[in-house]
There are 2 protein chains.
Amino acid sequence: MNTTQRTDQQTSAERRRRELLEAADRVVLRDGPQASMNAIAAEAGITKPILYRHFGDKGGLYAALAKRHTDALLDSLRAALDAPADRRERVESTLDTYLAAIEARPQVYRFLMHPAEGSAAQGDQGFDVGKHSAPLLRRMGEELAQVIEERLDLGPDTRRLARVWGHGIVGMMHAAGDWWLGERPCSRQELVRSLADLLWGRLAAAGDRMGGPGF
Amino acid sequence: MNTTQRTDQQTSAERRRRELLEAADRVVLRDGPQASMNAIAAEAGITKPILYRHFGDKGGLYAALAKRHTDALLDSLRAALDAPADRRERVESTLDTYLAAIEARPQVYRFLMHPAEGSAAQGDQGFDVGKHSAPLLRRMGEELAQVIEERLDLGPDTRRLARVWGHGIVGMMHAAGDWWLGERPCSRQELVRSLADLLWGRLAAAGDRMGGPGF
DNA sequence: ACTCGGTGTTACCTTAAGTAACACCGTACG
DNA sequence: CGTACGGTGTTACTTAAGGTAACACCGAGT
């Protein structure tokens with residue numbers, strides 16, 4: 001019974017935790033990354049200390065929240081990356097998956113990418129920006145690096161190149177997506193093809209517009 | 001004298017403003033983006049309300065501060081981008097200029113890239129993240145886009161491609177730089193060459209490591 | 001009947017943004 | 001010479017948010 005008891009309590013606590021996370025999710029969806037602990041507690045129908053008992057501090061709550069979304073997005077990306085198709089197709093499909101995700105839920109995206117506001121704004125407590133900034137980007141970069149290293153033969157420097165490229169490509173995707181989300185200058189597919197073209201070396205291959213060495 | 005008076009007052013106010021900005025700069029250098037208005041005022045030898053009279057609110061001060069550094073960095077980047085050399089050399093030199101800047105003053109870099117704290121004080125008032133986020137990145141992206149558009153011939157889609165690539169390349173540089181600054185996995189020159197290799201299409205050209213379609 | 005672990009609350013502390021009201025000081029002007 | 005005025009500065013306050021201490025309730029096992 002000791003076991004069952006503990007199990008019951010655990011599941012109860014975990015269910016509560018999930019409920020709290022879902023409430024927090026709703027608030028973040030509505031208010032963006034600046035959602036206050038009070039607001040989240042109110043949405044969950046309880047008060048602050050309970051949140052703190054479950055998550056330690058605001059950083060903990062936000063980390064837990066971010067982990068859910070990050071895991072979900074990473075799963076989609078892995079699926080796109082592992083699909084049976086040639087390299088270019090996979091790259092385009094992965095880019096498209098990411099862009100579709102941020103297009104579908106921009107509030108969540110903003111929360112994941114700019115989590116700083118929620119924390120370090122007032123109390124200097126919580127959240128070293130340099131350490132926690134955009135963990136999603138880091139994780140995506142590392143995952144992509146691993147995939148590149150596993151599958152590509154880049155000579156003796158494969159390991160280093162793969163990591164640099166992983167983070168670089170993810171950053172390219174992120175920045176282009178962020179800009180695109182704000183301005184909507186073209187369709188998603190055009191953006192995907194343009195980025196893939198960039199990765200496929202069209203920059204180096206392009207001709208100069210006029211005299212001089214060109215860019 | 002009316003004129004001279006007014007001029008004197010203006011220059012005096014502007015000199016004061018510069019002094020305050022320099023004090024703020026020192027504090028940000030020391031404390032990172034979480035520098036408080038109190039700390040900045042103390043460093044400048046005055047008290048808060050004066051800062052607010054000069055800059056409106058914390059966002060205003062931070063924007064003024066960011067503009068200085070951003071302008072300076074953009075000047076260096078333009079110089080590297082305009083140097084008389086072939087395209088690959090220019091790209092490497094621009095990447096290296098950026099990386100050298102963030103390496104030399106990481107605190108300033110963090111302040112410029114994660115300025116979110118400066119705004120969302122209370123109320124939901126401050127900061128549409130999508131609008132204000134990382135203005136440096138946006139400005140660099142636009143500048144690079146313009147350079148690309150002016151100098152490269154990419155067919156009928158030049159305009160769009162140039163903008164996508166401008167923001168994408170800047171994002172690549174930024175993310176790779178951020179990661180590199182945290183882990184220091186290789187020398188700056190190795191990083192520069194790896195990124196240039198990526199832009200030069202080595203990803204598309206690489207051979208698969210084993211059977212199957214490869215990445 | 002009693003303790004104990006878990007859940008909940010109220011009431012508080014601390015820090016930091018932002019502001020109102022007042023004090024000082026040099027200068028033009030009657 | 002006194003006085004009103006613009007500019008610089010201050011103290012002291014309000015408000016909002018993160019975070020915590022202390023207490024209250026409740027169900028289950030001895």
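Reminder, nothing fancy here: chain letters follow the sequence lines and each chain counts from 1. What's counted below: heavy atoms across the whole structure, side chains too, no hydrogens, waters or symmetry copies.
- Side chain of A:Ser36, nearest nucleotide from D:dA17, D:dT10, C:dG8: D:dA17.
- Residue contacts for A:Arg16: at a heavy-atom cut-off of 4.0 Å it reaches the sugar-phosphate backbone alone, with no base atom in range.
- B:Lys58 has its NZ atom 15 Å from the P atom of C:dT15, to the nearest Å.
- The separation between B:Asn38 atom CG and D:dG9 atom C1' is 15 Å, rounded to whole Å.
- For A:His69 and A:Asp25, the side-chain atoms include at least one donor-acceptor pair closer than 3.5 Å.
- If you measure from atom CG of A:Leu51 to atom P of D:dG19, you get 11 Å, rounded to the nearest angstrom.
- Summarising the geometry, the separation between CD on B:Gln34 and C1' on C:dA16 is reported as 13 Å, rounded to the nearest angstrom.
- As rounded to whole Å, 7 Å separates atom P of C:dT9 from atom CD1 of A:Ile46.
- For the pair A:Tyr52 OH and D:dA21 C1', the interatomic distance rounds to 14 Å; values are reported in whole Å.
- Between A:Leu198 and A:Met172, some side-chain heavy-atom pair lies under the 4.5 Å cut-off.
- As a whole-Å value, the separation of A:Arg15 CZ from C:dT7 P is 11 Å.
- Residues that satisfy the salt bridge (Lys or Arg N to Asp or Glu O under 4.0 Å) test with A:Arg184, not counting sequence neighbours, are A:Glu103.
- Contacts of B:Thr47 with the nucleic acid, taken as non-hydrogen atoms under 4.0 Å apart, include base atoms.
- Judged by closest nucleotide on DNA chain C, A:Arg53 is the one of A:Arg53 and A:Lys48 placed further toward the 5' end.
- Around CZ of B:Arg30, the count of heavy atoms belonging to other residues, nucleotides or ligands within 6.0 Å exceeds 12.
- Between B:His54 and A:Met37, it is B:His54 whose nearest contact on DNA chain D lies nearer the 5' terminus.
- Rounded to whole Å, atom P of C:dT15 lies 15 Å from atom CG of B:Asp31.
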